[in-house]
Amino acid sequence: MADKEHKFYEDVLGLICGSLLVSLGLVLLSENSLLSPGTAGLAMALDTLLPLNFGQIFFVINIPFYYLSWRQMGWSFTLKTFISVTLVAIMTQVFPMLVQFNHTSIAFSSVVGGILIGLGVLAMFRHKSSLGGIGILAFYLQNRYSISAGKFQMAADITIVCSSYFLTNITGLVFSVLAAFLLNLVIAVNHKEGRYIVT
């Protein structure tokens with residue numbers, strides 16, 4: 001059964017909370033140089049190669065996906081996704097200036113970071129938004145072809161993380177994969193077919 005439409009203030013609060021969770025999770029992963037899944041992970045990799053910061057790269061990478069989102073998911077979903085991506089791009093740059101960690105174990109960063117990002121993406125899905133990139137494809141495939149968004153994104157994210165093995169050591173790679181697995185496990189368990197369908 002599809003959910004009822006959210007009120008405007010509920011969507012605003014949901015997208016802000018989702019973006020906060022995702023951004024904090026990304027900051028935790030970066031504390032131990034762990035790789036993030038999806039377009040965020042690609043932005044982290046390019047951050048070391050380009051004269052741009054993560055937020056700027058993350059924002060630009062998602063631009064091509066907005067066309068697919070607009071054509072297949074509608075303007076409302078696209079606008080909300082644009083807002084979510086923009087908030088995360090800004091928050092990930094602001095958070096390190098507001099809070100600093102003296103020490104975080106790699107296991108803690110992996111587990112808590114992955115779960116926080118998963119909860120944030122879940123909140124975005126709940127309010128008919130996404131984190132862009134793979135999230136747009138996952139949402140589209142679930143709504144159009146009944147392919148589990150969580151399972152598809154888990155496979156795609158782990159593939160992306162593993163393909164970036166040259167950016168970290170074996171320990172970092174293992175914990176990066178763990179973070180990707182937990183992130184998508186949260187989505188797969190909580191975001192079932194038939195729930196929160198974009199109309």
Side-chain angles (χ1 to χ4, degrees), residues 2-30 36-44 54-55 57-59 61-63 65-66 68-70 73-96 98-99 109-143 148-154 156-157 179-192 195-199:
D3 63 323
K4 295 180 180 179
E5 291 294 325
H6 288 99
K7 296 178 181 177
F8 175 76
Y9 74 88
E10 293 174 332
D11 280 336
V12 170
L13 182 59
L15 296 186
I16 290 175
C17 290
S19 299
L20 281 168
L21 290 169
V22 168
S23 300
L24 184 55
L26 289 172
V27 170
L28 278 173
L29 292 184
S30 67
S36 173
T39 49
L42 182 57
M44 284 180 168
F54 166 82
I57 298 172
F58 180 63
F59 181 84
I61 286 176
N62 276 287
I63 291 176
F65 289 97
Y66 295 135
L68 171 64
S69 177
W70 172 65
M73 311 300 289
W75 69 267
S76 179
F77 178 84
T78 304
L79 177 60
K80 290 177 183 178
T81 294
F82 177 82
I83 292 171
S84 297
V85 170
T86 302
L87 286 174
V88 171
I90 294 172
M91 289 178 181
T92 51
Q93 300 308 305
V94 173
F95 278 11
L98 301 177
V99 59
S109 293
S110 173
V111 173
V112 178
I115 291 175
L116 284 175
I117 297 173
L119 290 172
V121 172
L122 184 64
M124 292 175 184
F125 277 13
R126 182 66 177 85
H127 291 271
K128 299 179 182 177
S129 176
S130 77
L131 198 56
I134 299 300
I136 292 175
L137 290 176
F139 218 146
Y140 167 68
L141 290 174
Q142 175 161 300
N143 289 342
S148 168
K151 292 177 181 178
F152 170 80
Q153 189 156 322
M154 183 183 295
D157 285 348
F181 173 78
L182 292 173
L183 184 169
N184 288 287
L185 181 63
V186 170
I187 299 173
V189 169
N190 293 283
H191 190 74
K192 302 292 187 180
R195 297 181 187 172
Y196 325 134
I197 297 176
V198 176
T199 56

Engineer: Looking only at heavy atoms, what is the nearest atom pair of Ser84 and Ser19, with distance?
Structural biologist: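 Scanning both residues, the minimum pair turns out to be O-OG, 3.7 Å.
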Engineer: From Leu21 CG over to Leu122 CG, what is the distance, rounded to the nearest 0.5 angstrom?
Structural biologist: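 It comes to 10.0 Å.
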Engineer: Distance check, rounded to the nearest 0.5 Å: Leu185 atom CG versus Asn190 atom CG?
Structural biologist: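 One finds 8.5 Å between CG of Leu185 and CG of Asn190.
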Engineer: Distance check, rounded to the nearest 0.5 Å: Met91 atom CE versus Thr86 atom OG1?
Structural biologist: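 Taking CE in Met91 and OG1 in Thr86, the distance rounds to 11.0 Å.
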Engineer: One pair to check against side-chain contact (heavy atoms from CB on, under 4.5 Å): Val99 and Val27. What are the steps and the verdict?
Structural biologist: CA-CA 10 Å; Val99 59; Val27 170; 5.7 Å; no
Engineer: What distance do Ile57 atom CD1 and Phe54 atom CZ have between them, rounded to the nearest 0.5 Å?
Structural biologist: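 These two atoms lie 8.5 Å from each other.
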Engineer: Are any side-chain N or O atoms of Ser69 and backbone N or O atoms of Phe65, one a donor and one an acceptor, separated by less than 3.5 Å?
Structural biologist: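 Not confirmed, Ser69 side chain does not pair with Phe65 backbone.
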Engineer: Under 3.5 Å, is there a donor-acceptor pair between the side chain of Ser23 and the main chain of Leu20?
Structural biologist: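 No: the side chain of Ser23 does not pair with the backbone of Leu20.
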Engineer: Set out, in order, the CA-CA distance, both residues' side-chain angles and the distance that settles side-chain contact (heavy atoms from CB on, under 4.5 Å) for Phe58 and Val88, then state yes or no.
Structural biologist: CA-CA 9 Å; Phe58 180 63; Val88 171; 3.9 Å; yes
Engineer: For a side-chain contact (heavy atoms from CB on, under 4.5 Å) check, start with the C-alpha distance between Asn184 and Ile187, then their side-chain angles and the critical distance, and finish with the verdict.
Structural biologist: CA-CA 5 Å; Asn184 288 287; Ile187 299 173; 4.2 Å; yes
Engineer: Do you know the tightest heavy-atom contact between Ala123 and Gly18?
Structural biologist: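 Nearest pair, atom of Ala123 first, then Gly18: CB-CA, 3.9 Å.
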Engineer: Say you draw a straight line from CG of Leu79 to CG of Leu15; how long is it, rounded to the nearest 0.5 Å?
Structural biologist: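 It is 9.0 Å, given to the nearest 0.5 Å.
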Engineer: Ignoring hydrogens and geometry, is there a side-chain-to-backbone donor-acceptor pair from Ser109 to Leu28 under 3.5 Å?
Structural biologist: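 Yes; judged by distance alone, with no hydrogens or angles, the pair exists.
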Engineer: Identify the heavy atoms of Phe59 and Val85 that sit nearest to each other, and give their distance.
Structural biologist: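 Between these two residues, the closest heavy atoms are CA-CG1, 4.2 Å.
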Engineer: In Å and rounded to the nearest 0.5 Å, what is the CG to OG1 distance from Leu87 to Thr92?
Structural biologist: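 Reported value, rounded in 0.5 Å steps: 10.5 Å.
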Engineer: What about Phe125 and Phe77, are their ring centers closer than 6.0 Å?
Structural biologist: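 Between Phe125 and Phe77, the centre distance exceeds or equals 6.0 Å.
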Engineer: Can you see which heavy atom on Asn62 is nearest to which on Leu131, and at what distance?
Structural biologist: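 Heavy-atom minimum between the residues: OD1-O, 3.7 Å.
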Engineer: Which atom pair, heavy atoms only, marks the closest approach of His127 to Lys80?
Structural biologist: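 The pair with the smallest heavy-atom distance is O-CD, 3.3 Å.
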Engineer: Got a donor-acceptor contact below 3.5 angstrom from the Thr81 side chain to the Ser130 backbone?
Structural biologist: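 It does hold such a pair.
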